[in-house]
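What follows is one structure encoded as structure tokens, with my remarks underneath.
Chain letters run A, B, ... following the sequence lines, proteins first, then strands; residues in each count from 1. In this text, all values refer to a predicted model and were calculated from it rather than measured experimentally.
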There are 2 protein chains.
Amino acid sequence: MKPGLLPGVEAHLEVVVDDSMVARFDTLGLVHPVYSTWSVVKHMEECSRKLVLPYLEPHEDAVGYAVEVVHLAPTPVGMRVHVRATVEAVEDRRVRCRLEVSNARGKVAEGVHVQVVVPRDWWLERLRQGP
Amino acid sequence: MKPGLLPGVEAHLEVVVDDSMVARFDTLGLVHPVYSTWSVVKHMEECSRKLVLPYLEPHEDAVGYAVEVVHLAPTPVGMRVHVRATVEAVEDRRVRCRLEVSNARGKVAEGVHVQVVVPRDWWLERLRQGP
């Protein structure tokens, strides 16, 4: 990792909630016509990765490992959400970010996302291994 | 809630990983060509909801509240995953399920998902509230 990935470093992401992000499941159909928890997680992952990318060496990659989220309030389709990732700790190869998602009404979700920085060759080899 | 939603009750879901489930983000493109963490979360949510639905009264709905997941191993496109949700605790209106996702090689992910059982009218009203 390059120097500078320290507690307090932030990244941001803006997303307008669209129909592809609502709580709809293949076997259950449309559940709630609002921003789904899995979409919140997707945008948390995206924002955390955006944060880490500038600090990776060419031989490194970052792999999502763990996520915790509490979804506090619904967001309708068409509303903008703001995602903020803030580095909380970097221990060994683990980058732990605190995440907050908000819309015009206030906080939508909060959580923690952990990425592990790995050697790119090791990771590509892991992906290539067949079942 | 109808009686019977007790610790140990299980639901299952089978999914074949396809291209729509890989780690790809709008602002970053394709990150890893394998089953994404947000898709793991989506299927955990789907399986937990499937578990709870038979126990809801007509005037009730279940809303996802919190999720924790650790993603342990990659799953390539085309491989089948099995999701199992098991009730761990039902406290007041909160249904806490333990989730495990596995493929032919072994465990892929594990976590916890919490749903809250709410009065359907209250929830619909909450969704109707504009920004």
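- Residue-level contacts of residues 83-91 of chain B with chain A do not occur; threshold 4.5 Å between heavy atoms.
- Connection of A/W123 to A/V95 is not established within any shared hydrophobic cluster, with ILVMFWY side chains joined at heavy-atom distances below 4.5 Å, either directly or through further cluster members.
- Between chain B and the options A/E45, A/E68, A/H71, A/R126, heavy-atom pairs under 4.5 Å are most frequent for A/E45.
- Interface residue B/L13: only side-chain heavy atoms are found under 4.5 Å from chain A.
- At a heavy-atom cut-off of under 4.5 Å, chain A is reached by B/R24, B/F25, B/D26, B/T27, B/L28, B/V31, B/H32, B/P33, B/V34, B/T37, B/W38, B/V41, B/K42 from residues 23-43 of chain B, listed in order of number.
- Under a hydrophobic clustering in which Ile, Leu, Val, Met, Phe, Trp and Tyr are joined whenever their side-chain heavy atoms come within less than 4.5 Å, directly or via other members, B/V101 and B/V22 fall into the same cluster.
- No other option in A/D61, A/V67, A/V114, A/V15 has as many heavy-atom pairs under 4.5 Å with chain B as A/V67.
- No continuous path of ILVMFWY side-chain contacts below 4.5 Å connects B/L124 to B/L56, so the two sit in separate hydrophobic clusters.
- Both B/V70 and A/V112 belong to a single network of hydrophobic side chains, linked directly or stepwise wherever heavy atoms of I, L, V, M, F, W or Y lie under 4.5 Å apart.
- Residue A/A73 touches chain B through both its backbone and its side chain, counting heavy-atom pairs closer than 4.5 Å.
- Both A/L5 and A/M44 are part of a single hydrophobic cluster, where members link through side-chain heavy atoms under 4.5 Å apart.
- Heavy-atom pairs under 4.5 Å with chain A were tallied for B/V69, B/L53, B/V63; the largest tally goes to B/V69.
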